[in-house]
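Each remark here refers to the structure printed beneath this line.
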Amino acid sequence: MFKRLFVVLILIFCTQQVFAKEVAIQITPARDYKTSNNGIKEGDFIDFVTVKDVANFKKGTPIKGLVTEVVENGFGGRVATVYIEQFKLNENKNLKGIVYQKGNAHPIFFEYFGNVDGSSIGFSPIRGGEVFLRTNKDIFTLYLEVKE
């Protein structure tokens, strides 16, 4: 009898992760950010807020994300790219997900100046676009693990 009770207790404590579910949380930047003029750099923390009330968190709850990689824009149409990860909700809850934002490719100009590889004139003088994170316009989805 004691062995069966022990096995049941072990199974209950070891399988609690199975009963967890993920809740989608939509976020938007708390203010506007951009990569131009050294605006966003690797290692910076970006402030976000929740878009709606979700799982005991009110609309406007602050969230911080860490910029893990910034690819600068360049000639030949190379666009800027930003990766934001390691999100924290209320400084103690981790959120799952990655925010990936890319700049504008300026496709209209390539008709006149060549492709990204510079095949038309040997060198493309067009620079790729910067990354912009705009409040209430850019909305991203992250996931919060909630144990039932």
Side-chain angles (χ1 to χ4, degrees), residues 9-148:
L9 288 175
I10 293 290
L11 288 174
I12 289 173
F13 288 116
C14 292
T15 59
Q16 285 186 357
Q17 291 294 332
V18 174
F19 301 117
K21 69 175 185 176
E22 291 182 344
V23 176
I25 295 180
Q26 291 187 327
I27 63 170
T28 188
R31 65 177 183 86
D32 292 346
Y33 293 94
K34 59 185 177 179
T35 55
S36 61
N37 299 325
N38 295 324
I40 299 175
K41 298 180 292 268
E42 288 181 22
D44 286 350
F45 285 95
I46 303 292
D47 295 320
F48 292 90
V49 293
T50 55
V51 175
K52 299 185 244 180
D53 295 345
V54 176
N56 300 333
F57 299 104
K58 300 286 184 197
K59 176 182 176 180
T61 301
I63 295 173
K64 284 197 178 286
L66 176 66
V67 177
T68 56
E69 185 177 353
V70 175
V71 176
E72 296 292 332
N73 67 330
F75 290 106
R78 189 180 74 208
V79 298
T81 308
V82 173
Y83 295 89
I84 305 170
E85 304 177 64
Q86 300 177 14
F87 292 92
K88 294 261 187 205
L89 177 67
N90 290 341
E91 301 296 330
N92 60 357
K93 293 189 185 285
N94 293 327
L95 295 173
K96 295 180 181 181
I98 296 175
V99 167
Y100 167 80
Q101 188 76 341
K102 218 172 168 177
N104 189 0
H106 305 303
I108 296 171
F109 296 115
F110 287 117
E111 183 177 331
Y112 301 104
F113 291 107
N115 295 328
V116 173
D117 63 358
S119 60
S120 282
I121 60 173
F123 175 72
S124 180
I126 303 300
R127 287 181 60 90
E130 299 285 350
V131 171
F132 293 95
L133 296 171
R134 295 178 184 98
T135 304
N136 295 323
K137 185 173 182 189
D138 295 321
I139 296 176
F140 307 99
T141 302
L142 300 176
Y143 296 93
L144 173 66
E145 188 173 287
V146 178
K147 295 179 183 177
E148 293 183 341

So which heavy atom on A80 is nearest to which on T35, and how close?
-> CB-OG1, 3.9 Å
For Y83, all residues meeting ring-ring contact (aromatic ring centres under 6.0 Å, His included), sequence neighbours excluded | Y100
Does some side-chain heavy atom of I63 sit less than 4.5 Å from a side-chain heavy atom of V49?
-> no
Results of side chain to side chain contact (heavy atoms under 4.5 Å, CB included) for V71 - residues two or more places apart only = E69, T81
Can you name the residues that form a side chain to side chain contact (heavy atoms under 4.5 Å, CB included) with K58, not counting sequence neighbours?
-> D53, T61
Interatomic spacing from CD in E130 to NZ in K102 - rounded to 0.5 Å = 14.5 Å
Write out all pairs satisfying salt bridge (charged side-chain N to carboxylate O under 4.0 Å, His left out) with one or both partners inside residues 30-43, taking only residues at least two apart or from two chains.
-> none
What's the spacing between Q101 CD and F132 CZ if we round to 0.5 Å?
-> 10.5 Å
Separation between CD1 of I46 and CG of L133, rounded to the nearest 0.5 Å | 6.5 Å
Enumerate the residue pairs fulfilling ring pair (Phe, Tyr, Trp, His ring centres under 6.0 Å) with a member in residues 46-67, sequence neighbours excluded, ordered by first and then second residue.
-> F48-F87
Got a donor-acceptor contact below 3.5 angstrom from the D44 side chain to the I40 backbone?
-> no
Sequence neighbours excluded, the answer for side chain to side chain contact (heavy atoms under 4.5 Å, CB included) partners of E85 is T68, I98
Short side-chain to backbone donor-acceptor contact, T135 and P29, under 3.5 Å | yes
Which value, rounded to the nearest 0.5 Å, describes the distance between T141 atom OG1 and L95 atom CG?
-> 11.5 Å
So, do L66 and I84 sit near enough that their side-chain heavy atoms are less than 4.5 Å apart?
-> no
List in chain and number order the residues that pass salt bridge (Lys or Arg N to Asp or Glu O under 4.0 Å) with D47, two or more places apart in sequence or in another chain; answer none if no residue qualifies.
-> K64
Taken to the nearest 0.5 Å, the spacing of K52 NZ from T28 OG1 works out to 12.5 Å
How would you list, by chain and number, every residue that makes a salt bridge (Lys or Arg N to Asp or Glu O under 4.0 Å) with K96, sequence neighbours excluded?
-> E22, E145
I139 side, atom CD1; T50 side, atom OG1 - distance, nearest 0.5 Å = 11.5 Å
